[in-house]
Amino acid sequence: GVRWGLIGASTIARQFMINAIRAQADGEVSAVMSSSQERAEAYARENGIPAAVSTLDALLSRDIDAVYISTTNELHLEQGLVAIKAGKHVLCEKPLALTSADAKQMVAAAKAAGIVFGTNHHLRNAGAHRAMREMIAAGRIGKPIAARVFHSVYLPENLQGWRITRPEAGGGVVLDITVHDADTLRFVLGDDPVEISAFTQSAGMAGGGLEDGAMCIWRFKSGVIAQSHEGFTTKFAGTGFEVHGSEGSLIATNVMTQKPVGSVLLRTASGEEELSFDREDLYTRSLSQFHAAIRAEGQPSATGEDGIWSLASAEAALQSSKTGKSVMIDPQL
Ligand code: NDP
């Protein structure tokens, strides 16, 4: 079995990841760590977790095989390095760190230690995105030409905290959502971005100089160009993901989400076809891939390198928005 220690008494663990661990035949949530013992205990009680601790040492000295890191972003690096040193497998939330250089340091440490390291980019696990990737790889839309990503949401009130107030915690919509769009574009297109140009805004929700909206233009190695829109402030926009090729278009609606929902349409000269796809829970699939990787049967659905790519892309977007120039994306992997 795989005994998990949760680093961070977070919303994402409560809403999705605890269930995803327990959905595995061999998964167990053994302990939770919060920076506050009181909050750790309350969280453990509410979620039926047997142990609650308030230091990393106390967590890592327990009988656990893997840790899931879902603290605020500035803490991932140090917590990740300590867990790796203790020989635990690490599934880390995105962004892996505040800079791609830091993320690289963590991923290199994981490799040297021989443990499994994954990035929790859930969208790769969505049946919709996997179906699109397969269609493109099979040549069903011909040569891919352009992609459009619609991923501007309304940040729920219960999450209107550090993301919109604390730059030092890695707040802002680019580190929060652009990283997902980078990863999903790479996954669906089977291509890597080389250059990005971005405008960001503060449309009234985020303070402290943080952005709560972004529009990015991307160029990929193959020559594909893409646009993406990320936001915290649009209540009614809906989400989507489109790829347009020489022989067809893939038009997915309501797929930039945490749930296995939405639809994917393939439009070609022969008409429109609604694709059917797997509706497995995204996070459950992420976990089962991770467990398989621990058994040396494959890789996590998003690796450490994937996490470095998405963070390098977000970093370039922020730099572009600051300088008013397009920026090359090169994670130097
Ligand atoms: P939360 O704000 O819920 O949790 C982050 C930290 O905030 C916790 O570790 C906790 O610290 C602290 N905290 C939470 N609630 C309280 C409270 N009531 N009072 C004081 N402190 C509190 O963050 P999210 O769950 O939204 O995000 C956590 C991480 O997961 C981020 O890195 C984010 O980017 C990522 N994420 C990824 C998603 C995905 O789909 N891949 C989706 C959502 C988030 P402590 O542990 O010390 O108690």
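As the structure lists them, so they are numbered: ligands from 1, and atoms in each ligand from 1. For this chain, numbers begin at 1 and follow the sequence in order. Here the structure is a predicted model, which is why all the values come from computation and not from measurement.
- Close approach of ligand 1 to Ser35 is summarised as follows: ligand atoms under 4.0 Å from at least one heavy atom of the residue are 45 (P), 47 (O), 48 (O).
- Scanning the protein for heavy atoms near atom 3 (O) of ligand 1, the closest one is Thr11 OG1, 2.4 Å.
- The shortest separation from a heavy atom of Arg163 to ligand 1 is under 4.0 Å, placing the residue in contact.
- Taking atom 2 (O) of ligand 1 as the reference point, the nearest protein heavy-atom neighbour is Trp162 NE1, 2.9 Å.
- Using a 4.0 Å cut-off between charged side-chain N and carboxylate O, Glu242 and Arg148 make a salt bridge.
- Between Ile12 and ligand 1, at least one N/O pair is under 3.5 Å apart.
- Checked for salt-bridge contact, Asp191 and Lys221 miss the test: no charged N lies under 4.0 Å from a carboxylate O.
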Evaluate salt bridge (Lys or Arg N to Asp or Glu O under 4.0 Å) for Lys94 paired with Asp176, printing each intermediate quantity in order. CA-CA 8 Å; Lys94 40 53 64 171; Asp176 200 51; 3.1 Å; yes
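- Of the protein's non-hydrogen atoms, the one nearest atom 14 (C) of ligand 1 is Ala9 O, 3.8 Å.
- Between Arg14 and ligand 1 there is no heavy-atom distance shorter than 4.0 Å.
- Taking 4.0 Å as the cut-off, His180 counts as a neighbour of ligand 1 on heavy-atom distance.
- Taking the six-membered ring wherever Trp is involved, the centroid distance between the rings of Phe241 and His129 falls below 6.0 Å.
- Of the options Ile49, Asp65, Leu91, Val67, a side chain to side chain contact (heavy atoms under 4.5 Å, CB included) to Trp4 is made by Leu91 and by none of the others.
- Of the possible donor and acceptor atoms, none in the side chain of Glu230 sits under 3.5 Å from a partner among the backbone N and O of Val173.
- Residue contact annotation: Tyr283 has a non-hydrogen atom under 4.0 Å from ligand 1.
- The pair Arg285-Asp278 does not count as a salt bridge, with every side-chain nitrogen at least 4.0 angstrom from each carboxylate oxygen.
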